[in-house]
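See structure below.
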Amino acid sequence: MKLFLITTLNGLTLAALYFLVASGFSLVFGLMRNVNMAHGSLYLLGAYIGYQFQEATGSWVAAIAGGFLSMALLGLLLQHYLFRFLEGQELRQTLVTIGISIIAADLMLAYWGGTTYQFEIPDALYGALRGIPVIKVYPIYRLFILVAAITVGIALWLFLNRTRIGMMIRAGVDDRDMLSATGVNVHLIFALTFALGAGLAGLAGVVGGSALSIAPGEDLRYLLASLVVVIVGGMGSVAGSAVGAILIGLTEQYGLAYSPTYGVVYTFVIMVAVLAVRPQGIMGRSA
Amino acid sequence: MKLSRRSLIGLAVVGGLLSSTVLASAETIKIGTIATLEGAFAVLGKEGMRGVDMALKKWGNKAGGKDLVIIRSSSDTSPDSAIRAVKKLVEQDGVDIVVGPLSGSEGLAIKEYAKTKPGVTFINGLSAAQDTTLRDPAPNFFRFTGDGAQWMAGLGEYVYKVKGYRNIVTIGEDYSFPYTMALGFLNDFCNLGGKVANRFWVPIGNKDYSTIVASIPDDIDAIWVGLGGADAVNFLSQYEQAGGDKPLIGGTITVDQSVLGSKGRRKSYVVGTPSAGPIADSWDNPVWQAWKADYKAQFPDGFPTPSLFAHGYFISMSAALTALDKVKGDLSDGHAKYRAALTNLVLDTPTGKVSLDENRQGITDIFLTEVTEAKDGTLYNKVIKIIPQVNQVMNGDRAKFLALGRVGRNVPACK
């Protein structure tokens, strides 16, 4: 019972981390139909840059801000100099961004080396919370990720559904010519969306790097996780990313606890099942 | 033979750049090296190549009176990547000798490949799976470094008798090298009466250990951790954050330089962790200290002290070159003289004497160490004891050792 509860909690907190990464991916991939296979690289680069920020300032909050802002800026540049010219050409987007991710991975390996980096998280978040019924102790930081993910999720949903810019983003996805005709600068809107998505990846890099660690190879891991989450949950929907992340996070942890050898397989079983029964994803709209 | 040389020359003409080395092939010896220069073990692969470079520098790029041509190749710890790398070296570059690979499962794959290429001599880099040499060895595959079980020599006895641990759990990645280390450690520990409450084998690349941490029972004395590199760092910090307080016992690559060198609060936690392996950075032996100084001089950007990867590849490359010197670069007759020289070699290494057994497996000294904090705040492995000349069956009865069975998740049974 104790193991089951802890595993469930682990699954939820892992899901929270996946959600942070995948929500940015979903925003770009689902809403703008931009296939960004370099999303994992944004995660890892954001983490590394966040680490540099912490080294320079000694503050973990600076690392979070640094990870988010640097990747948001990079996202802006990517959209302006690259994706603008590849609109609607999914195959080219895929190939170009895979290229970027390979080059980025090698450049990061060359600069930061293969060493594992860890963030110094603030004392308030460090250590274990004791005295919880049944499970006794649980790391505070993992609970923090859960809270952070829920906050980001709600903020993102409010942003997309309750603000003027959110409305414009959704309108731009449905009919960009019409939106443009009403006098809105569509490029600017899309650049902002991309920046937000990329920034979330950078933020997740610091948050995830503090929970686990940052090392070469993490980029692919989180790209894969985001892909699976978005495919399972449904593209372009915040709720879909949340459902997908919870499903994948729980599956991974139950798998690890109860049949470690085949833990990896279950995730893909779910993906295959969803693709077979409901190809648009659990919460997705059919195209 | 004639055909292959013609096609080689043809290739060289097309390639342009290679022509001089190929045409001069009578006076040169081609050695291919394989290390993990990509993937999670990239930093360790780079260390391996540093060891190769140290040997080359010592020999001045010549052995047995011939110039050496070194061709470097990379794998990523998976057996198929190692096979790709070795095939490229043997079948495209036409190397005479292969030095590598680095990781356990790669070694098993290359041993099988070696059997299909009797004209090439294979010298292991640092891969440490047991059955690379113990069962069904390849006649042209030589290993001058220990296997994972040998590296654990003395550790089981030390934690049982000195530390007083009786009941432990083990955790390691789910592949041959951690299994081999666990076998070496548990062989001693269980023979003395120690018990294993559970064994956790996690998929390679898993970063989230929280569920494993939750499954560790409360009534144990210590945890044997066979994880390496980034995996060990992840596990240690998560275990600590979840309020874990059981002492650790380290596998050979758990508390090596790549882990000791990493930053964060975990540092204070690993102090006092015993482990065993083929090197100990603080050993006060002058030969070792001189070698260490050479490493630092040659690689100012390397680790604070050389890791076992640089050490292992240095030994492997030194063995290859020493034997070449002995036969004056004569590789005729299908490397017959060269292999005889390798087989009978008694190599003086920075960590003592190494010789081979009848399966061409190294017999080496093993260091029992404990993590200690130096005055300047850095961590290092302090030598507790040296276990001299450990052979592949850990100096026990060969038949009895073989009867433990092939390495696997639950070997030895420990009942």
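Just the heavy atoms: all of them, side chains too, but no hydrogens, waters or symmetry mates, feed the values below. Predicted model, so just to flag it, every value in this text is computed and none were measured. In what follows, chains carry the letters A, B, and so on, assigned in the order in which the sequence lines appear, proteins first and then strands, with residues in each chain numbered from 1.
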Spatial distance of atom [atom1] ([X]) from atom [atom2] ([Y]) [nearest 0.5 Å]:
| X | Y | atom1 | atom2 | value |
| --- | --- | --- | --- | --- |
| A:Tyr138 | B:Gln241 | OH | CD | 11.0 Å |
| A:Phe119 | B:Ser237 | CZ | OG | 12.5 Å |
| B:Thr211 | A:Asn10 | OG1 | CG | 4.0 Å |
| A:Lys2 | B:Asp218 | NZ | CG | 5.0 Å |

### Task
Flag yes if more than 12 heavy atoms outside B:Lys292 fall under 6.0 Å of its NZ atom; otherwise flag no.
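Buried by this count: over 12 neighbours within 6.0 Å.
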Can you tell me which portion of [X] sits under 4.5 Å from chain B's heavy atoms? Options are side chain, backbone, both or neither.
| X | answer |
| --- | --- |
| A:Ala105 | neither |
| A:Glu252 | neither |
| A:Ser210 | backbone |
| A:Leu212 | both |

### Side-chain touch B:Ser210/A:Gln253, heavy atoms, less than 4.5 angstrom
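Side-chain contact under 4.5 Å: yes.
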### Heavy-atom pair with the smallest gap, counting every atom of A:Ala128 and B:Gly243
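Closest heavy-atom pair between A:Ala128 and B:Gly243: CB-N, 4.0 Å.
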### Message
Restricting to non-hydrogen atoms, name the atom on B:Ala242 and the atom on A:Val137 that form the minimum distance, rounded to 0.1 Å.
### Response
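Looking at all heavy atoms of both residues, the closest pair is O-CG2, 3.3 Å.
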### Message
Using a 3.5 Å distance criterion without hydrogens, assess whether the side chain of B:Asp208 forms a donor-acceptor pair with backbone atoms of A:Leu14.
### Response
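No, B:Asp208 side chain to A:Leu14 backbone: no donor-acceptor pair under 3.5 Å.
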### Most chain B-contacting option - heavy-atom pairs closer than 4.5 Å, from A:Asp106, A:Leu129, A:Leu256
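The residue among A:Asp106, A:Leu129, A:Leu256 with the greatest pair count is A:Leu256.
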